[in-house]
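Here is the structure we will look at.
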Amino acid sequence: MFGLTKSTVEKVLLYIICTIVIIVVVFPLYWLIITSLKYDIDSYIYPPQFFPVNITFKNYIDILFLAQEGNLVKYFLNSLIITTSTIFLSLLFGSMAAYSLSKHYLSIMFRRMMLAFVLVIRIFPPITTAIPYYIILSKFRLVDTHIGLIISHVSFSLPFTIWLMIGFFQSLPAEIEKAATIDGCNFWQRFIRIVIPLSLPGLAVTAIFGFLYSWNEFMLASILTSENAKTLPVVIAGFISDKYLFWGKMTALGVLMTMPVIIFSSFAQRNIVKGLTFGAVKE
Amino acid sequence: MLTGYRKWSIIFLLPSCLFLIFAYVYPMVYSFIMSFFSYSMLIPGAKPVFTGINNYLSIFNNLAFLNSLRITFIFSIVAIFFQFIIGLFLALAMSANLRITGVFRVFMFIPLMIAPVVVGILWRNLYHASYGVINFFISFLGIPPQTWLGSATQALPAVIVVEIWQQLPVFAFILAAGIASIPTELNKAALVDGCGRMRIFWHITLPLLKPAIIVAFLLRIIDTLRMFDIVYTMTQGGPGTATKFLSLHIYEKGLRFFDIGAAAAQSWFFLIIVLLIEIYFIRLILSRGTAR
Amino acid sequence: MANLVLKNITKKFGKIVAVNNFSFTVNDAEFVTLVGPSGCGKSTTLNIIAGLEDPTEGEIYIDNIFSNNIPPSKRDIAMVFQSYALYPHMRVRENIGFGLKIRRFDKKEIQKRVAETADFLGIGNLLDRKPAELSGGQRQRVALGRAIVRKPKLFLLDEPLSNLDAKLRTQMRADLKILFSDLKGSVVYVTHDQLEAMTMSDILVVMNDGIIQQIGSSDEVYDHPGNLFVAGFIGSPIMNFVNVKIERGVIYSDGIEMALTKQQLDKIATYGYKKEYILGIRSENVNISKSESKIRFEVEVVEDAGAEYIVHLKNGKNRITLISEKDISPRRGEGLNLQFDVNKTHLFDIDTEVAIY
Ligand SMILES: Nc1ncnc2c1ncn2[C@@H]1O[C@H](COP(=O)(O)OP(=O)(O)O)[C@@H](O)[C@H]1O
Ligand SMILES: [Mg+2]
């Protein structure tokens, strides 16, 4: 168990445990998918159908084209716009801030203060700012706009981006930046032509986490949007009513929402580990 | 020459600062001011009335708030405890480097990919009292069907299970990375010295993992205390107030009853509790840093 | 092409004084080497010349223009780094041309100059590779290419050879010397390797602890070290040092009795008498004498260095080495009669470590 050689018994035991855990971890996703392929009527029967008898795409067609719940394509686009903007802006501004803080041009006291500020922001429970932020947005007439939600998503993502990128920038070889300075780069050119291209792995990590967060975020989206800028998580939550649960539609939308994330992040599993374990262990 | 760089450094900080000021500082200042007023947006034309620290005082005899506080902390502590134990176990399993652990690493991420609102809906189905899969499984153990989310005593544990399920990878991977960073020579040396596996674990692995464990705890506490999305679609705080987490309570106070002053005071109270806990952990991390 | 003057440069990092009251001049087309042990402030000095660091005090003049406030990009200098610092994401072509591109040269001119430079350095066939696909020596050449393509006034090289293996280093040493004498550029070269410094430079600036110990040509610092540090740092094997007393014009120490010359005694007289001194003599100036002598040592170890023997000798507290032809075969424990070339000895003040003669 400690990176040393194992006996056969241990190996068998490990295989069994891992298999069980994999089943526990994967089964709910499987259930999400097959429920979306069942007629609602088949979701209400007991014992549950583990292998759907009547497979149907009715649920998908319903939510995509029959538009009872409003224009799903529009909400999908909203989600896409807000997520990509969030990623782009938080990566750009976050790494700029991180670059500034990772250099010694500003006094150490000031940089420490900024870092502490960023750290504290990271800790804020979102609900504590959500309500006053909503009231402020309504004064600026920004409720239910993309911008309003993007600002709050970017602000949420910034602390993570800044902390991760500072670590990354500090690990870049100093001589390369000196060489760029001698070659005539000013601060901005050095950042955009040398530092950023060398930091792509770090940026990938933050991009993935930004995507996971912004795409799936519900609380702020539900408070700050109502129709125009409504995102997919809000749409899904809207399906829930006390009387009747449309399992088929809800799960179909759930699948549609989850697929892009799984595809996007399957390219970058290694990077996800980096993001999760960031700061916890010295590499 | 360096003054030019200083100017650039400030410029580079500006956009982030503006965002954070607009989305955090300004709202929190506004909220701080409102916490000293009685102000309900439900009454048209109502003006905020200054009430001093009344909103704060009333927190202490607000049973609903205290109940939410209690639930939130039970949730956080229990969930993190089990995530830690199970995560440690899985991290050890992953460090075994068998073929299945590779597969395992890939699948472990799946719960994290699914939006919490979807997770809530999904488990609501799995927990369903009359046709849920979970009741079906436990029937094989001879346990009669339970109401789960319909039961005041079972709803919170049920939510805890979901939280453990979804966030398990965090602990597992942080600890696995921690284990991977322990030089194998140490283990070998200990084996040569005649230490048993258990003693290696207690005397080498665990102490060396301590920094990773503290960071993982810090992250998990930040996250569990803000629990909102999953319960919103899974139980909506019910039955009764059995799963009314603090975030949900404040959300309703502010946005269903539009009692802005009280919601602001409660937010600040909540924030300060969270900050105190986190400062404790951050100091643990920092003291470890200076000791080195 | 250019001259460089540093006046009283001091650089502090907090409490650390990395460079202390540093002054020197590099004339047109001169090859000047800063040499000293690692951590003595060489890179810091170079960074200050380049404008990458601001000096805490002091003045920099390039071509007689006060340059403290001129940014690195406007100083018309080029720099080669120990790690080469090539841009990993760019091809060799772009690496060499980057400085021109940032300075908005037109595309054709860049292409022409990059091709010229690459041919000059013999890396014309590597232009489309990334740095990761190059060997150490090739990277070295690309780094040089990046420096010379802009035809700057002044070249700054920070330990450019220390990442190469020994054989390549010897060859590059010669190549660099030829390269910069062809270019007629002014060069400030940094190394911790005294041999490199000796073989390549017109002028050496020997440094220790941020302070200049001596400035001079290779011969000057080798034959007339200004103090104990320079004497010990320059030359290999390291100069022999023994503590000695001087009575009536004769030097005494364990196993050593040697009369000084009149000139030497005059110098001591003008310097003032001390109780004890340190005598220095290089290994090649210690000879084995066939006849009886007043200098007798016992063989400790004999190292076979291929072309010659390095013989370690001992007498009481004193240990010295000598270099001998391979026609004799001294054995361990054998007593040897020695002869010091008295004109090649050095005498140092034991307290201030300054050279007396
Ligand atoms: N950025 C810095 N911050 C603090 N100390 C530094 C910095 N750069 C160099 N030093 C210190 O200054 C001294 C000289 O360093 P350096 O010029 O790099 O030496 P060299 O190049 O001769 O090896 C060293 O003691 C080093 O620790
Ligand atoms: Mg150096």
Side-chain angles (χ1 to χ4, degrees), chain A residues 1-4 11 14-15 17-18 22 25-26 28-29 32 44-48 93-94 96-97 99-100 103 105-106 121 123 125-129 131-133 136 151-152 154-155 158 187 216 218-219 223 233 236-237 240 247 250 254 257-258 261-262 265 269 272-273 276-277 279-281, chain B residues 2 5-6 8-9 12-13 15-16 19-20 22-24 26-28 30-31 92-93 95-96 98 100 104 107-111 113-115 117-118 121-122 125 131 133 136 170 173-174 177-178 181 184 187 200 212 215-216 222 225-226 228-229 233 247 250-251 254 263 267 270-271 274 278:
Chain A
M1 259 210 210
F2 305 100
L4 304 170
K11 279 186 188 166
L14 268 175
Y15 265 89
I17 292 169
C18 287
I22 290 174
V25 162
V26 175
L29 180 67
L32 182 75
Y44 297 126
I45 53 175
Y46 189 88
F93 294 152
M96 279 166 65
Y99 189 61
S100 166
K103 298 278 143 202
Y105 303 124
L106 300 173
I121 296 270
I123 287 163
I127 189 68
T128 54
T129 50
I131 297 169
Y133 181 70
I136 288 166
I151 292 175
S152 73
V154 171
S155 306
L158 277 176
F187 200 78
N216 289 340
F218 167 71
M219 184 209 280
I223 293 175
I236 292 204
I240 294 180
W247 290 123
M250 291 194 292
M257 252 191 81
T258 310
V261 188
I262 291 189
S265 49
Q269 195 226 347
I272 298 181
V273 176
L276 276 184
T277 59
V281 286
Chain B
L2 286 184
Y5 285 172
R6 201 162 289 142
W8 275 105
S9 299
F12 267 43
L13 277 175
S16 289
F19 268 86
L20 295 180
F22 188 73
Y24 283 93
Y26 183 19
M28 286 319 283
Y30 179 84
S31 151
L92 289 172
S95 73
L98 299 180
I100 192 157
F104 190 69
F107 282 110
M108 280 293 285
F109 283 113
I110 285 177
M113 306 285 125
I114 308 174
V117 277
V118 177
I121 286 170
L122 178 61
N125 182 296
Y131 48 80
V133 172
F136 178 72
V170 179
F173 278 100
I174 289 179
S181 72
T184 47
N187 290 336
I200 293 182
V215 174
I222 293 176
L225 290 180
R226 47 172 76 151
F228 184 87
D229 293 8
T233 49
S247 291
I250 296 173
Y251 173 86
S267 292
F270 184 22
L271 179 63
V274 175
E278 298 298 346

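Note on naming: letters A, B, ... go to the chains in the order of the sequence lines (proteins, then strands), and numbering restarts at 1 for each one.
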Handout entry: Atom group of Ile250(B) that falls short of 4.5 Å from chain A, counting heavy atoms
Key = both
Exercise for the section: Report the distance from atom CD1 of Ile123(A) to atom CD1 of Ile222(B), rounding to the nearest 0.5 Å. Expected result: 5.0 Å
Exercise for the section: Would you give the length of the straight line joining atom CD1 of Ile131(A) to atom OH of Tyr30(B), rounded to the nearest 0.5 angstrom? Expected result: 11.5 Å
Problem - Met28(B) side chain near Leu271(B) side chain, heavy-atom distance below 4.5 Å - result: yes
Handout entry: Interface moiety of Val26(A) toward chain B, non-hydrogen atoms closer than 4.5 Å
Key = side chain
Completion exercise
Value for CH2 (Trp8(B)) from OH (Tyr105(A)), rounded to nearest 0.5 Å, stands at 12.5 Å
Exercise for the section: Heavy-atom distances under 4.5 Å only: say whether Leu158(A) touches chain B with side chain, backbone, both or neither. Expected result: side chain
Problem - Which atoms of Phe22(B) approach chain A - backbone, side chain, both or neither, heavy atom under 4.5 Å - result: both
Problem - Interface residue of largest heavy-atom contact number with chain A, from Leu13(B), Thr233(B), Val274(B), Asn125(B), under 4.5 Å - result: Asn125(B)
Completion exercise
Under 4.5 Å to a heavy atom of chain B? For Met219(A) that would be both
Exercise for the section: With a 4.5 angstrom heavy-atom cut-off, could you sort out which part of Tyr99(A) is near chain B: side chain, backbone, both or neither? Expected result: side chain
Practice task
Identify which one of Leu122(B), Ile110(B), Ile114(B) satisfies the side-chain contact (heavy atoms from CB on, under 4.5 Å) criterion when paired with Thr258(A).
Solution key: Ile114(B)
Problem - Side-chain heavy-atom pair Met257(A), Pro233(A) within 4.5 angstrom cut-off - result: yes
Handout entry: Toward chain B, the part of Ile151(A) with a non-hydrogen atom under 4.5 Å
Key = both
Exercise for the section: Name the option with the most non-hydrogen atom pairs under 4.5 Å to chain A; the candidates are Ser9(B), Gly254(B), Ser247(B). Expected result: Ser9(B)
Problem - Toward chain B, the part of Ile121(A) with a non-hydrogen atom under 4.5 Å - result: both
